[in-house]
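All remarks here apply to the structure that follows.
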Amino acid sequence: MSGSGLGIVEQGSVLIREDRILAVGTGLKPEPDEEVIDCEGCVVLPGFVDSHTHLIFGGWRSDEFERRLAGVSYKEIAAAGGGILSTVRATRTASEEELYQLGLTRLQEMSSWGATTVEVKSGYGLETGAELKLLRVARRLAETGIATVVPTFMGAHAIPPEREKTDYVREIVETMLPAVAEQRLARFCDVFCENFMFNAEESRRILEAGRACGLTPMVHADEIEPSGGAEVAARVGAVSASHLLQPSEAGLRLMAENGVVAVLLPGTYLMLREQHRPPVTRMRELGITMAVATDFNPGSCTLVSILLAAQLACLLYGLTVAEALRGITVNGAKALALDSECGRLEPAMSADIVVAAVPDYRHLIYRLGHNPVRMVIRAGRVVYRCCRSPMGIVQQ
């Protein structure tokens, strides 16, 4: 275990004061009036960080899933008016309250798998009012305290059918981004950088406009085809680039030189039955930090379990157990520029903790599809507790 690179402490304790970790180690003694949580026989980890999700949307796309199984491609479905635009139609007609209730249910399910930090993108509105509505819902979800919700503006997710692309890019730059910044609704600006959607130059323009409005860039890069997304991410100072199934060598080198985190999304690779995989070996050689996330969304990945995403990262992408666990903790936090706040069990960090009923850390990856999470603490407060009874599992 000592060679895992995970900083394992055998028979250790974590001392919490209010919402922060005060101490970690062995031999810690509680005060007489302090609550003690007995985690005998369990593994205690930092709260999991899901650094890439599309949590808030209306409707589902099970029909498209069936069509893809029959051999219809993602691009073909999108060209026929499906894909993202199908979700846009359902999301625009949903009320803010309806979207909040849907998002709340999904966030609670993510919490039951150990997620204490969840990035949430807009992008299913594709008009100023609808995009602001999605970000307001994200803010309401953050106020529940279930998880740290990190909002990302992604008006550049697709091109609305009623708009010409040049005019829509202008609206994003001149109207949407200033409105998001004025209302302080997002921390990041993301863009779907693909040749058939927003090309490299359009993506660069949007991300630079976002940075001018105080939003840190991140990029959906080189997923469907090589599109120069990795290069864009590095050149605009993005904190992360996601997917990266077909990045160029030059793009990877630039990412490494500029400290851009690679966010790997194996659930999407699996559901879309992609032909290309991210060059993990080359990323290791270049020293690129790798995070792992769910990419939860209604079309290309309906996965809410961050643990299963980590398992798939090992089985499909060849990550080690330690790499996968770091990918959903400290590296996931780094992908959101939160690595000084969460992702590690260290003094002064947020008291975000997962208690898992497994004999050692390897079982978190080894037991495919199994949810071992027994308790989740976020900012020092228990937000999820699971107990076993003769009738099965009960969430409290």
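No hydrogens, no waters, no symmetry mates; every other heavy atom, side chains included, goes into these values. Each residue takes its place number in the sequence, starting with 1.
What you find for N331 and M290 is that their closest heavy atoms are ND2-O, 3.1 Å. Nearest heavy atom pair, residue E10 against residue T26, reads O-CG2, 3.5 Å. Contact record, R277 with L316: NH1-O, 2.5 Å, taken as the closest heavy-atom pair. Taking every heavy atom of both residues into account, R68 and I77 meet most closely at CG-CD1, 3.6 Å. Considering every non-hydrogen atom in both I288 and A262, the closest pair reads CG2-CB, 3.8 Å. The two residues G58 and A90 come nearest to each other via the heavy atoms O-CB, 3.2 Å.
Under a hydrophobic-cluster definition in which Ile, Leu, Val, Met, Phe, Trp and Tyr are linked whenever side-chain heavy atoms come within less than 4.5 Å, directly or via other members, W113 and V358 are assigned to the same cluster. V280 and V261 are members of different hydrophobic clusters when ILVMFWY side chains are connected at heavy-atom separations under 4.5 Å. V232 and F153 fall within a single hydrophobic cluster, where Ile, Leu, Val, Met, Phe, Trp and Tyr side chains are chained together by heavy-atom contacts under 4.5 Å. Under the 4.5 Å side-chain contact rule for hydrophobic residues, V354 and I328 share a cluster. Put simply, V120 and V150 are part of two different groups of oily side chains (I, L, V, M, F, W, Y) that touch within less than 4.5 Å, one to the next.
Between the side chains of S227 and D222, no donor N or O sits under 3.5 Å from an acceptor N or O. For the residue pair S95 / E97, no side-chain donor-acceptor distance below 3.5 Å is found, with atom types taken as modelled.
Salt bridge annotation for R187-E119: absent, with no cationic side-chain nitrogen under 4.0 angstrom from a carboxylate oxygen. Look at E131 and K121 and you find no salt bridge, because none of the NZ, NE, NH1 or NH2 atoms lies under 4.0 Å from a carboxylate O. Ion pair R67/E76 not flagged as a salt bridge, since none of the NZ, NE, NH1 or NH2 atoms sits closer than 4.0 Å to an Asp/Glu carboxylate oxygen. Using a 4.0 Å cut-off between charged nitrogen and carboxylate oxygen, R92 and E162 count as a salt-bridge pair.
Applying the salt bridge (Lys or Arg N to Asp or Glu O under 4.0 Å) test to every pair with at least one member in residues 342-351, sequence neighbours left out, gives these pairs: R344-E346. Applying the ring-ring contact (aromatic ring centres under 6.0 Å, His included) definition to pairs two or more places apart or across chains, none involves residues 16-46. Residue pairs satisfying the salt bridge (Lys or Arg N to Asp or Glu O under 4.0 Å) criterion with at least one member in residues 232-259, sequence neighbours excluded, are listed as follows: E249-R253, E249-R282. Applying the salt bridge (Lys or Arg N to Asp or Glu O under 4.0 Å) test to every pair with at least one member in residues 206-218, sequence neighbours left out, gives these pairs: R204-E208. Listed by first then second residue, pairs satisfying salt bridge (Lys or Arg N to Asp or Glu O under 4.0 Å) with a partner in residues 38-54 number zero, not counting sequence neighbours. Listed by first then second residue, pairs satisfying ring-ring contact (aromatic ring centres under 6.0 Å, His included) with a partner in residues 181-201 read F192-H220, not counting sequence neighbours. Judged as a ring-ring contact (aromatic ring centres under 6.0 Å, His included), the pairs with a partner in residues 310-337 (not counting sequence neighbours) are, in order, Y269-Y317.
Chaining together hydrophobic side chains whose heavy atoms lie under 4.5 Å apart places L15 alongside L22, L28.
Among residues two or more places apart in sequence or in another chain, the side chain to side chain contact (heavy atoms under 4.5 Å, CB included) test is passed with Q311 by L308, I365, L368. Under the ring-ring contact (aromatic ring centres under 6.0 Å, His included) criterion, F296 pairs with F57, not counting sequence neighbours. Considering only residues two or more places apart in sequence or on other chains, Y100 meets the ring-ring contact (aromatic ring centres under 6.0 Å, His included) condition with none of them. Evaluation of the ring-ring contact (aromatic ring centres under 6.0 Å, His included) rule for Y366 yields H363 as partners, not counting sequence neighbours.
A distance-only check finds no donor-acceptor pair linking the side chain of E274 to the backbone of L245 [under 3.5 Å]. Not a single donor-acceptor pair under 3.5 Å links the side chain of Q183 to the backbone N or O of L185. A distance-only check finds a donor-acceptor pair linking the side chain of R20 to the backbone of A348 [under 3.5 Å]. For the pair N258 (side chain) and L254 (backbone), a donor-acceptor distance under 3.5 Å is present.
Inter-residue side-chain proximity for I377 and D352 is flagged as unmet; no heavy-atom pair is nearer than 4.5 Å.
Here I206 contributes atom CD1 and L215 contributes atom CG; the two are 12.5 Å apart, rounded to the nearest 0.5 Å. To the nearest 0.5 Å, the span separating CE on M176 from CZ on R170 amounts to 13.0 Å.
Surrounding CD of E182 are at most 12 heavy atoms belonging to other residues, nucleotides or ligands under 6.0 Å away.
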